[in-house]
Structures are given as structure tokens and as C-alpha cells.
Amino acid sequence: MKNRFAIILGFATVLATSACNKDFLNQTDPNNQPVSAYFQTENDVLLAVNGIYQSLRSSNAIGESSGLFTEERSDNTGRNDSQSNAGEPFQFGDFSLLSSNTYLKSHWVAMYQSISRANLVLTNIDKVSFANDNTKKGYAAEAKFLRALIYFHMVRKWGDVPLVTRQLTTLEEVDGATFRAKDTAVYSQIVNDLLDVVNSPLPDFQTGANVGRVSKAAGNGLLGQVYLTMALTIDNGKKNENLTKAKQYLEACYNMRKFGQLKEIPYADVFSVEKKSSCPELIFQIVYKQGDATYSSSIAANNQAKGETVNSQKVATGVGGNVTGDLVNEYEANDLRKDFSIKYANADIVKDWFITKFRDASDAAGKNGYGGNDFILMRYADVILMLAEVNMYLGDNATAIQYLDMVRARAGMPDYNTSMQNTAYSSKFSSLKLAILHERRIELAFENHRWYDLLRTFTTDELVTYFHAKDQTYFGIAKVANFSKKDRYYPIPFDEYKLNPEKMYQNPGY
């Protein structure tokens with residue numbers, strides 16, 4: 001219980017990060033003050049909000065190295081090493097995940113730590129007097145967005161999860177909160193939080209030193225995605241209502257954009273370290289600091305394969321970020337996104353494709369690979385393709401195709417109607433639904449969207465059929481045939497389940 005107490009409540013001092021502009025990444029120790037005495041000034045609240053952002057960076061949460069919980073669960077990436085770390089990472093892509101998996105438990109813990117930090121702010125913010133009420137409302141909106149974001153990740157991965165929305169201060173309160181709330185209740189809380197965000201005094205976009213903080217554009221985009229997901233995965237008789245709301249908020253986000261056509265923004269610019277603070281396609285990102293041993297990005301160096309130099313000056317000794325043959329085969333001929341996103345490595349220990357989408361081979365990053373890549377959580381190509389999706393489900397294929405073609409045009413690809421005359425394309429993507437899913441896969445590869453896209457697009461039975469139809473040849477030793485109905489959700493970590501097997505009931509099949 002002691003471990004769970006620390007996990008759910010965030011009872012430790014998690015408040016301290018520097019308030020100096022983009023230094024909100026850096027943490028300091030505010031003399032380990034107890035929570036009851038901590039919230040005295042506006043700056044104390046700012047530090048606490050910064051602490052929520054800092055927690056997102058963890059590879060166990062949703063930071064740049066969290067692809068184990070998303071991309072490796074999908075058909076985009078994987079690994080052929082079933083022995084390292086007791087074989088636990090391999091279980092995700094092999095669909096042989098155990099509830100005792102320590103990586104799964106670490107993911108659960110990290111997510112609740114972020115939620116705890118948000119609850120800490122929202123429970124205590126009223127103790128502080130603000131010179132400007134909009135400042136207070138803005139901090140609360142940031143905390144609510146980040147809480148909603150994490151719960152959105154959790155409800156899609158586990159279904160019913162404990163729903164905690166306030167700071168808990170006693171063991172009795174912890175015990176009372178240790179139960180799985182229904183997914184519909186979790187979604188209701190997510191929506192309520194995000195409605196407060198879109199109605200808050202936050203700016204449409206953050207600029208300058210505040211890039212990386214929550215904005216109204218991010219709030220509208222996430223709320224639109226939530227409604228779209230609810231429409232397709234929650235059977236509550238409100239599908240069309242939720243689709244209509246998804247369209248409303250996605251359009252609101254799209255109409256806030258500061259560019260004309262997507263094709264005006266080169267694909268490479270989206271991931272450029274030099275342009276990460278100014279690229280108008282970016283809506284919300286986790287910020288990393290180039291050259292900083294503690295707060296730099298390692299995604300470029302970690303993805304690089306032996307013998308290659310495109311990602312980083314750091315010398316690679318392994319296979320890098322593995323790409324499945326299944327994804328490689330889905331790229332269309334002459335798609336510029338392929339050459340930018342993946343490359344074949346010829347080193348003897350590799351002889352395979354690796355991820356090149358995230359690059360920082362600058363002298364500033366150096367031979368240690370201290371890159372400046374931000375990890376993008378939301379950008380306009382994602383929003384545009386969700387608008388294609390929602391219009392398709394609402395029966396407006398013409399508008400859906402217009403949005404789809406915006407993304408294809410930027411990639412130098414023929415429009416949808418022309419492509420459908422190509423047998424190679426139409427045989428693979430025989431419906432507009434599959435064409436949109438394909439475009440999302442190629443456009444957003446390695447940005448941790450693919451697994452959620454599959455969950456949203458297919459029913460559980462359809463997912464089983466989908467994975468079983470895959471050619472095992474393109475997945476190495478991870479067996480796609482292992483996928484079964486239970487794999488729609490992750491198991492509840494065993495340590496959490498055993499706290500109360502009745503209220504923390506296990507997902508079916510585990």
C-alpha cells in the first residue's frame with residue numbers, strides 16, 4: 001500500500017521546476033516543503049504547473065522514448081530481441097504481455113504521477129491570491145489539459161481505470177479511490193476538463209519561450225480527437241452527436257492555423273530542430289534542450305543504426321529504431337516521406353530499416369547525441385486527417401477527400417481520385433476509410449498515433465482479423481498471430497490488481 005500511496009497521490013514533493021521562461025524543463029528543490037505549506041504565491045503555482053510538464057518527458061509516460069507502449073504495440077515498429085531485460089519489452093509487440101510486466105507497471109505509475117501533479121495544482125490553486133484572475137484560470141486550464149491528455153491515453157489502453165481528480169491526503173482516501181471507474185465516466189471527465197480549456201483565457205497558440213505550453217488550439221484539437229474516439233469506440237447511442245462535436249472542435253482548431261495550405265510547409269521543416277519554435281504546423285510538443293546532458297533529446301541518436309550518420313554524430317553500435325517490413329511495404333512509390341523517415345542500414349549486425357525521422361547531427365548536439373528534437377504530440381496534418389475521417393463518417397466523402405488530398409499534396413502524391421485509378425493503390429486501400437488510415441500511418445509514423453488509430457478504426461473482432469491477415473515474414477520473430485481479443489486492452493498491472501481484485505478487476509483474458 002505504501003508504494004501505491006506514493007504513486008496515486010504524488011505525495012512526494014513534485015512541485016519544483018524553474019519558472020524562467022523555457023527553463024520550465026529544469027527542476028529545483030524548494031527545500032522539500034510539505035504540500036500544505038507550499039502554495040503561497042503565484043510563482044508557487046507556476047512551479048507546480050511546470051512540474052506537470054516535466055513529468056511528461058519520462059519515457060515511461062508519453063515522452064519521446066515511449067514508443068514501446070504504442071508504436072511497438074502496432075504494426076509499425078518492433079524488435080527481434082526476445083531476451084534482453086528478461087524479454088519484457090518484447091512482450092508488447094509479440095502480444096504475449098503479462099500483467100506482471102515491469103515496463104507496463106512503470107508506465108502505469110508514470111501516468112498517475114502526472115495526474116497526481118495536476119490534481120495537486122487544481123486542489124490547491126484557490127489558496128493563492130492572484131493579481132490577475134486570468135493568470136489563475138490559465139494555470140488551471142493547463143493542469144486540466146494535461147490531466148485530460150493522460151487520462152485519454154490511459155482509457156484507450158486499459159479501458160476502465162481509477163479516476164482521481166483531487167489531491168488525496170490519507171490512506172483512507174487512497175483506499176476509497178482504488179477502484180476502476182467505467183470508461184464512460186473517464187471520458188466524461190476528460191471532456192469536462194477540455195471544455196474548460198477551450199473556454200479559458202489561454203492564447204490560441206503559445207510563442208517564444210512559452211512554446212511547449214498548452215494553448216486553445218491544442219485544447220480544441222484534443223477535444224475533437226476525444227469526441228471522434230468516443231463516437232467510434234463507445235456504444236452509448238450518441239455516435240452522430242459525438243461525430244458532430246468532433247467536427248466542431250477539429251474545425252475550430254484548424255481555423256486557428258497561421259498558414260494557408262499545408263503544402264506551404266515542407267515535411268522536413270516539421271521535424272527541424274532549428275524551426276521547432278516557429279513551424280506553424282506544430283500545435284503541442286514536449287520540449288527538449290539541445291546540448292543539455294539532462295534535458296536534451298536522445299531520440300535521434302537512439303534510433304540510429306550502426307554504421308549510419310544521418311541522425312546524429314553519436315556513434316551507433318546497435319540496430320537502432322527498428323521498422324517493420326510491413327510498414328516499409330506500405331509506402332507508395334515516390335513518397336518523399338519514405339526517404340525522410342526511414343533508411344536501410346547495411347551494417348552486418350543490422351541489414352534492416354531504421355528510423356531517420358528525428359535528426360540532430362549538429363555540432364551543438366555533438367558526439368554525445370544531446371539533441372534538440374522536441375517530441376510532437378499534436379500537429380496540423382493529424383488534425384486535417386481527423387477532419388477527413390470525421391467527414392467520412394458523417395457521410396460527406398467529398399469534403400473528406402479534400403482534407404485527405406491536403407496531406408497527399410504536401411507529400412508530392414497524386415490526389416485520392418487519381419490514386420484510386422492505380423490498381424496498386426486501390427487494391428490495398430479499397431475504401432476511403434482504409435485510404436485515410438493508410439495516410440495517417442505514413443504521415444504520422446513513429447509519432448505514437450498508429451496503435452490508437454487501429455483501436456479507433458476497427459472493432460475488436462476486426463482487429464483480430466486485421467493482424468492475422470498480416471504476413472509474418474515482415475515482423476521478424478514477434479508473432480502477429482498471437483493477437484487475440486484480449487489484446488484490445490492492456491492488463492491491469494498485477495500489483496494494482498492485487499490491491500483489490502474485486503474493484504481493480506482484471507481485463508478479460510489475462
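Note that this is a predicted model, so its numbers are computed, not measured.
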query = Is the ring centre of W353 less than 6.0 Å from the ring centre of Y344?
reply = yes
key: R379 side chain reached by F284 side chain, heavy atoms, under 4.5 Å   = no
inquiry  = Salt bridge or not between D487 and R73? Use side-chain N to carboxylate O under 4.0 Å.
reply    = yes
request  = Look only at the side chain of D160 and the backbone of D183, and say whether a donor-acceptor pair between them is shorter than 3.5 Å.
outcome  = yes
ask   = Step by step, would you call F483 with Y466 a ring-ring contact (aromatic ring centres under 6.0 Å, His included)?
value = CA-CA 10 Å; F483 189 92; Y466 177 83; 9.0 Å; no
task = May I have the step-by-step check of side-chain hydrogen bond (donor to acceptor under 3.5 Å, both in side chains) for Q189 and T165, ending in yes or no?
result = CA-CA 9 Å; Q189 181 62 50; T165 58; 4.9 Å; no
request  = Name all residues meeting the ring pair (Phe, Tyr, Trp, His ring centres under 6.0 Å) criterion together with F271; count only those two or more places apart in sequence or in a different chain, and write none if there are none.
outcome  = Y267, F340
Any donor-acceptor N or O pair under 3.5 Å, side chains N302, S298 = yes
inquiry  = With ring-ring contact (aromatic ring centres under 6.0 Å, His included) as the criterion, how do Y497 and Y505 come out once you've worked through the C-alpha distance, each side chain's angles and the decisive distance to 0.1 Å?
reply    = CA-CA 6 Å; Y497 160 76; Y505 48 88; 9.3 Å; no
Minimal non-hydrogen separation, L163 against A181, with atom names = CB-CB, 3.8 Å
query = Any side-chain heavy atom of H107 sitting closer than 4.5 Å to one from Y103?
reply = no
inquiry  = For N507 and R180, which I'm curious about, is there any donor-acceptor pair between the side chains at under 3.5 Å?
reply    = yes
query = Under 3.5 Å, is there a donor-acceptor pair between the side chain of R117 and the main chain of G51?
reply = yes
request  = Report yes if some heavy atom in the side chain of W158 is under 4.5 Å from a heavy atom in the side chain of L104; otherwise report no.
outcome  = yes
query = Out of E88, E71, E72, which one pairs with R79 under the salt bridge (charged side-chain N to carboxylate O under 4.0 Å, His left out) rule?
reply = E72
request  = Could you go through the side-chain hydrogen bond (donor to acceptor under 3.5 Å, both in side chains) check for Y393 and K239 one step at a time?
outcome  = CA-CA 10 Å; Y393 283 115; K239 180 176 181 179; over 6 Å; no
ask   = Do F69 and H153 have their ring centres less than 6.0 Å from each other?
value = no
message = I need the minimum non-hydrogen distance between S99 and Q506, along with the two atoms involved.
response = CB-NE2, 3.7 Å
message = So, applying ring-ring contact (aromatic ring centres under 6.0 Å, His included) with F95, which one of F467, Y510, F90, Y490 is it?
response = F467
inquiry  = For a 4.5 angstrom cut-off between non-hydrogen side-chain atoms, does I376 reach E281?
reply    = no
request  = Apply the side-chain contact (heavy atoms from CB on, under 4.5 Å) test between M111 and each candidate in I62, L56, V161; give the one that qualifies.
outcome  = I62
inquiry  = For a quick test of reading the model, state the closest non-hydrogen atom pair linking V390 to A246 and the distance between them.
reply    = CG2-CB, 4.0 Å
key: R410 to L262 - nearest heavy-atom pair and separation   = CG-O, 3.6 Å
ask   = With distance as the sole test, does Q285 use its side chain to make a donor-acceptor pair with the main-chain N or O of R213 at under 3.5 Å?
value = no
ask   = Any luck finding a side-chain donor-acceptor pair between D352 and N322 under 3.5 Å?
value = yes
inquiry  = Could you tell me if the side chain of S66 sits less than 4.5 Å from the side chain of N60, heavy atoms only?
reply    = no
Polar side-chain atom of S188 near backbone of T184 as donor-acceptor pair, under 3.5 Å = no
query = Taking the side chain from D339 and the backbone from L336, do they hold a donor-acceptor pair closer than 3.5 Å?
reply = no
note = In this structure, NZ of K247 is separated from CG of L387 (nearest 0.5 Å) by 8.5 Å
task = For E330 and I442, indicate whether the former's side chain and the latter's backbone hold a donor-acceptor pair under 3.5 Å.
result = no
request  = Mind checking the OG-CZ spacing from S312 to R359? Nearest 0.5 Å is all I need.
outcome  = 12.5 Å
query = Nearest heavy-atom pair of P162 and W108: which atoms, and what distance?
reply = CD-CH2, 3.7 Å
key: Note, I286 side chain near D374 side chain (heavy atom, < 4.5 Å)   = no
E447 (side chain) donor-acceptor with L377 (main chain) under 3.5 angstrom = no
task = Under the side chain to side chain contact (heavy atoms under 4.5 Å, CB included) rule, what do D94 and F475 come out as? Steps first, then yes or no, please.
result = CA-CA 9 Å; D94 187 54; F475 290 89; over 6 Å; no
ask   = Does the T356 side chain pair with the main chain of S341, one donor and one acceptor, at a distance under 3.5 Å?
value = yes
task = List in chain and number order the residues that pass side-chain contact (heavy atoms from CB on, under 4.5 Å) with A411, two or more places apart in sequence or in another chain; answer none if no residue qualifies.
result = D335, R337, M413
request  = Sequence neighbours left out, what pairs pass salt bridge (charged side-chain N to carboxylate O under 4.0 Å, His left out) with at least one residue falling in residues 466-476?
outcome  = D75-K470, D326-K470
inquiry  = Just verifying a value: how many Å separate I283 CD1 and N220 CG, rounded to the nearest 0.5 Å?
reply    = 10.0 Å
task = Locate the shortest heavy-atom distance separating A118 from I52; write the atom from each residue and the value.
result = CA-CD1, 3.6 Å
query = Counting only N and O atoms by type, is there a donor-acceptor contact under 3.5 Å from the side chain of R156 to the main-chain atoms of F152?
reply = yes
task = Check whether any side-chain heavy atom of V323 lies under 4.5 Å from a side-chain heavy atom of F446, and answer yes or no.
result = yes
inquiry  = Taking salt bridge (charged side-chain N to carboxylate O under 4.0 Å, His left out) as the criterion, tell me which of R408, K428, R441 meets it with E332.
reply    = R408
message = Tell me whether H449 contacts the main-chain N or O of L444 through its side chain, where contact means a donor paired with an acceptor under 3.5 Å.
response = no
ask   = Is the Lys NZ or Arg CZ of R57 less than 6.0 Å from the centre of Y53's six-membered ring, within 45° of the axis?
value = no
ask   = Does CG belonging to N334 count more than 12 external heavy atoms closer than 6.0 Å?
value = no
